[in-house]
Number of protein chains: 2
Amino acid sequence: MAEKSAGQRRRTRSDWAAAALRALAEGGVAAVAVEPVAASLGATKGSVYWHFPNREALLTAALELWETEHTEAVIELLEPIAEPLAKLRTLFSAVLEDTDNRVLLALLASAEDPVVAPVLGRVTERRIGYLATLFGELGWTPTQSRRRAVLAYAAYVGQAQLMRSSPKMLPANKVGRRAYLDDALHALGVPPASKG
Amino acid sequence: MAEKSAGQRRRTRSDWAAAALRALAEGGVAAVAVEPVAASLGATKGSVYWHFPNREALLTAALELWETEHTEAVIELLEPIAEPLAKLRTLFSAVLEDTDNRVLLALLASAEDPVVAPVLGRVTERRIGYLATLFGELGWTPTQSRRRAVLAYAAYVGQAQLMRSSPKMLPANKVGRRAYLDDALHALGVPPASKG
DNA sequence: ACACCTCCGTACGGTCCCGTATGGAACTGA
DNA sequence: TCAGTTCCATACGGGACCGTACGGAGGTGT
């Protein structure tokens, strides 16, 4: 067995960005600290400070990585789906199932951070804009679509928070989640999917 | 002019709890640190450590203060209103106007913190429960009321997040907020208020 | 084999915070 | 007024992290 994370000889900038993103997901922005991240790769600060001028640059690299690979992931997930209605359904069900929100929650927790703020702003804007186009394809006026999109994304974000802080408030089993999802989509003006 | 925050001679435990809560609102859980809070009252650590055994106790005191005075505030705000519909409207409009969410956002940002978690859990549970009763009074079944309450609170929380991270996404003027609020309430199954 | 550049470990000083120890000021009551 | 209690400032040691300095090991080309 070749050594993987430990004992590795040389690391690239991408390795550090990935490690920083991992730390971000697990411990929040504060966990993206030079020494702990270095230790997570079995290295020391000397290595980090060769690839990055300072801690902020390391954090920025992690955020860039997340922003790009995450938008790609969403596109790849929804692109093959034709119906905007099915897209919305898939999108919303992801919140109830997925655990990917870790990074998003970490960023929301540090929304004031000057390094985080612009990234969070761009992602939020992009997502709401995308939701608005979906609602537009469903026949809503631009103004209505916009409002629905903001409301839907607010519910999305709040949902992610509740999953972490008060999971007991949410439906536990699959049937309950399905019913909750149907109800939420219906409330937002999206009729339930025809069974089949 | 009598000295107020500076030059004060003796502080009580309540003074420290209030100062800690202030720090929590302004800088998050991390800002509830012994030395900075002491400095905010023109004192030193020595005083803090006389009233509290450690930092955690100071944070707990701040959270207790918030939990009690905040639930009182909500009760005082909604108690005089008779109609459950008007209560909901008042409740939701508070998010779009108020800036009180600072503490809530700080707590959500540190939801994993073992000191924060139980407080956040209790408050969340209480609020959703209260929302559910309101929806119940509007004629929804218990199951539907529960789902609507969770959805409404998720939207509430997400809304608070958006106000901080992406205020540009939300309606800026009063008219826009009113329209957005109407739309949101309507989506949740609450008909718009009759004008007058 | 040699110099060279890339990458990294170690050591150091600095900041901010926690928590403890201790002496002394400020108030209290008799 | 004076002893006792309450409250607080100062000083100290420890830990986590940042950033810098520097030397040395690892690869690379010739």
Side-chain angles (χ1 to χ4, degrees), chain A residues 2-63 106 109-110 112-116, chain B residues 2-63 106 109-110 112-116:
Chain A
E3 47 266 355
K4 312 177 63 174
S5 54
Q8 193 172 347
R9 277 297 154 227
R10 282 168 115 82
R11 291 126 189 130
T12 165
R13 188 189 154 95
S14 298
D15 292 334
W16 286 116
L21 181 55
R22 234 173 293 137
L24 174 63
E26 292 172 8
V29 171
V32 185
V34 174
E35 284 157 327
V37 170
S40 78
L41 287 189
T44 62
K45 319 192 305 186
S47 178
V48 179
Y49 279 105
W50 192 90
H51 294 279
F52 302 91
N54 49 33
R55 191 211 105 140
E56 181 178 320
L58 179 63
L59 176 58
T60 301
L63 294 179
S110 301
E112 322 251 40
D113 188 305
V115 181
V116 171
Chain B
E3 48 264 356
K4 311 176 64 176
S5 55
Q8 192 172 349
R9 277 296 153 229
R10 283 167 114 84
R11 291 117 188 139
T12 166
R13 188 188 155 97
S14 297
D15 292 335
W16 286 116
L21 181 56
R22 233 172 294 137
L24 174 64
E26 292 172 7
V29 171
V32 185
V34 175
E35 284 158 327
V37 171
S40 78
L41 286 190
T44 63
K45 320 193 305 186
S47 178
V48 179
Y49 280 105
W50 192 89
H51 294 278
F52 303 90
N54 50 33
R55 191 212 105 140
E56 182 179 321
L58 179 62
L59 176 58
T60 301
L63 294 179
S110 301
E112 322 252 38
D113 188 306
V115 180
V116 171

Practice item. Nearest 0.5 Å please: distance from the CG atom of B/Asp113 over to the CD atom of B/Glu56. Key: 8.0 Å

Check your understanding: What is the distance, rounded to the nearest whole Å, between atom CZ of B/Arg55 and atom C1' of C/dC16?
Key -> 13 Å

Review point. A/Pro36 has a side chain; which of C/dG9, D/dC18, D/dC8 sits nearest to it?
Key: D/dC18

Practice item. Could you check how far CZ of B/Arg13 sits from C1' of D/dT6, rounded to whole Å? Key: 16 Å

**Study point:** Qualifying residue, where the test is side chain to side chain contact (heavy atoms under 4.5 Å, CB included) with B/Leu59 and the options are B/Val34, B/Val37, B/Val32, B/Asn54
**Key:** B/Val32

Check your understanding: Where the side chain of B/Arg11 is defined as all heavy atoms beyond and including C-beta, which of D/dA9, D/dT6, C/dC8 is the nearest nucleotide?
Key -> D/dA9

**Study point:** For atom CH2 of B/Trp16 and atom P of D/dT6, their distance in whole Å
**Key:** 19 Å

**Study point:** Given C/dT20, D/dA9, C/dC7, the nucleotide with the shortest approach to the side chain of A/His51
**Key:** C/dC7

Practice item. Return the nearest nucleotide to the side chain of A/Ala33; candidates are C/dC17, D/dC8, D/dC18. Key: D/dC18

Check your understanding: Which one, D/dT6, C/dT20, D/dA9, comes nearest to the side chain of B/Arg10?
Key -> D/dT6

Study note, to complete from the structure: Heavy-atom nearest pair, A/Trp16 first then A/Leu58, reads O-CD1, 3.9 Å

Check your understanding: Looking at C/dT6, D/dC8, D/dA9, which one has an atom nearest to any side-chain atom of A/Trp50?
Key -> C/dT6

Check your understanding: Hey, which of these two, A/Glu35 or A/Pro53, hits DNA chain D nearer its 5' end, going by closest nucleotide?
Key -> A/Glu35

Point to revise | Whole angstrom value for the distance that separates C1' of C/dG14 from CG of A/Asn54 | key: 16 Å

Study note, to complete from the structure: On a heavy-atom basis, the closest approach of B/Leu41 and B/Asp15 is CD1-O, 4.0 Å

Study note, to complete from the structure: With the side chain defined as heavy atoms from C-beta on, B/Val34 is closest, among C/dC18, C/dG9, D/dC17, to C/dC18

Practice item. Measure from CG on B/Leu41 to P on D/dC7 and round the result to the nearest Å. Key: 15 Å

Exercise for review: May I have the distance from A/Phe52 (atom CZ) to D/dC18 (atom C1'), rounded to whole angstrom?
Suggested key: 16 Å

**Study point:** Test log, rule side-chain contact (heavy atoms from CB on, under 4.5 Å), inputs B/Val116 and B/Val29
**Key:** CA-CA 9 Å; B/Val116 171; B/Val29 171; 3.9 Å; yes

